[in-house]
Engineer: 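I have a structure I would like to understand better, so I am pasting it below and will then ask my questions one at a time.
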Amino acid sequence: MTPAIWLNIVLMLVALLVAVFYLRRDHLREKANEDWVKAFTRYSKSDEFKQRNSYAAQYRKIPDPNDACPRLDRDGFTFEDVAQKAMTILPEFALPPLSIKRAIEPGDQVLLRVLWAKDIPDCDAWVRVTLVQPGDFFTGEIIAVETEEGVPDVSQDVAFTANHIALIDRPGLRPVPN
């Protein structure tokens, strides 16, 4: 055999190896894509996905035109927008739907998540609703703050929106675990 024949054989083997490499790579990419589609389909049929979509469908950005809600810089604490957070991280209990939040009456107690500006861990606060205002705004009196550490005095009237409400304590309404 002449060197030209050997060269042709080596070139054909290299071309064959390159073809096998690219075919294998394409096959692995297609398989990974199929696995991703299967996983997403399984997730999209899950209760968690449906619950997040439900929260997203009910979420309304509520502006604070009077700047009445507590702010970290002014008041040292604020209330977490649990409705917005629930679209990415499911809460421990299902949030009440917007229709139930709009049916809140003075005297009802609601649970709000308090975020502190100082080195105090975030905690929950029970608030008794004293005034229902148009546009999903409420005013209430903080009656209990659930925290392990000492907390600044917050026994005051506060304003909050329907997006801040995590639970409602009213006879006949029971939280549903996620």
Side-chain angles (χ1 to χ4, degrees), residues 39-178:
F40 181 76
T41 304
R42 193 172 35 248
Y43 172 71
S44 66
K45 293 180 181 176
S46 71
D47 291 338
E48 180 181 344
F49 182 79
K50 291 174 185 174
Q51 189 72 33
R52 285 184 184 172
N53 277 350
S54 170
Y55 290 143
Q58 293 182 45
Y59 183 76
R60 302 287 180 271
K61 180 75 173 153
I62 301 174
D64 188 4
N66 300 333
D67 200 27
C69 293
R71 289 193 339 225
L72 286 175
D73 58 349
R74 180 185 65 207
D75 302 305
F77 70 99
T78 189
F79 297 125
E80 181 177 37
D81 190 339
V82 292
Q84 184 177 28
K85 184 177 179 181
M87 292 187 289
T88 54
I89 300 172
L90 286 180
E92 183 179 347
F93 291 95
L95 297 180
L98 190 57
S99 59
I100 300 239
K101 291 177 182 178
R102 287 182 173 159
I104 290 177
E105 301 169 351
D108 289 344
Q109 295 181 11
V110 295
L111 182 71
L112 309 177
R113 185 87 180 136
V114 180
L115 306 176
W116 299 98
K118 298 179 182 174
D119 294 333
I120 301 172
D122 300 342
C123 61
D124 296 329
W126 284 100
V127 176
R128 181 179 298 115
V129 176
T130 56
L131 180 64
V132 178
Q133 303 171 18
D136 298 330
F137 274 96
F138 304 92
T139 303
E141 175 189 4
I142 297 178
I143 55 175
V145 177
E146 300 174 359
T147 183
E148 292 115 18
E149 298 189 16
V151 201
D153 180 28
V154 290
S155 57
Q156 59 182 335
D157 284 347
V158 291
F160 57 96
T161 69
N163 290 343
H164 297 131
I165 298 172
L167 291 174
I168 303 171
D169 186 17
R170 179 193 301 163
L173 287 179
R174 295 289 170 246
V176 180
N178 277 332

Engineer: Using every non-hydrogen atom in the two residues, find where A86 and L95 come nearest and quote the distance to one decimal.
Structural biologist: CB-CD1, 3.6 Å
Engineer: So, does T78 use its side chain to make a donor-acceptor pair with the main chain of P70 at under 3.5 Å?
Structural biologist: yes
Engineer: On a heavy-atom basis, which atom in C69 and which in F137 lie closest, and how many Å separate them?
Structural biologist: SG-CE2, 4.2 Å
Engineer: Quick one: pull up CG in D124 and CG in L167 and give me the separation to the nearest 0.5 Å.
Structural biologist: 8.0 Å
Engineer: Provide the closest heavy-atom pair for V82 versus I165 in the form atom of the first, atom of the second, distance.
Structural biologist: CG2-O, 3.5 Å
Engineer: Sequence neighbours left out, what passes side-chain contact (heavy atoms from CB on, under 4.5 Å) with A162? Give chain and number order.
Structural biologist: I62, L98, K101, D136, F138
Engineer: With a 4.5 Å heavy-atom cut-off, do L131 and P106 have their side chains touching?
Structural biologist: no
Engineer: Report, as yes or no, whether the 6.0 Å neighbourhood of atom CZ on R128 holds more than 12 heavy atoms from other residues, nucleotides or ligands.
Structural biologist: no
Engineer: Output all residues satisfying side-chain contact (heavy atoms from CB on, under 4.5 Å) with D81, sequence neighbours left out; order by chain, then residue number.
Structural biologist: Y59, A83, Q84, N163
Engineer: With A125, which residues qualify under side-chain contact (heavy atoms from CB on, under 4.5 Å), at least two apart?
Structural biologist: V114, I142, V145
Engineer: Let me know which of I143, D157, V110 forms a side chain to side chain contact (heavy atoms under 4.5 Å, CB included) with V127.
Structural biologist: V110
Engineer: Between Q51, R52, Q58, which is the residue that forms a side chain to side chain donor-acceptor pair (under 3.5 Å) with Y55?
Structural biologist: Q51
Engineer: Between the side chain of R71 and the main-chain N/O of A68, is any donor-acceptor distance below 3.5 Å?
Structural biologist: no
Engineer: Would you give the length of the straight line joining atom CG of L111 to atom CD1 of I168, rounded to the nearest 0.5 angstrom?
Structural biologist: 10.5 Å
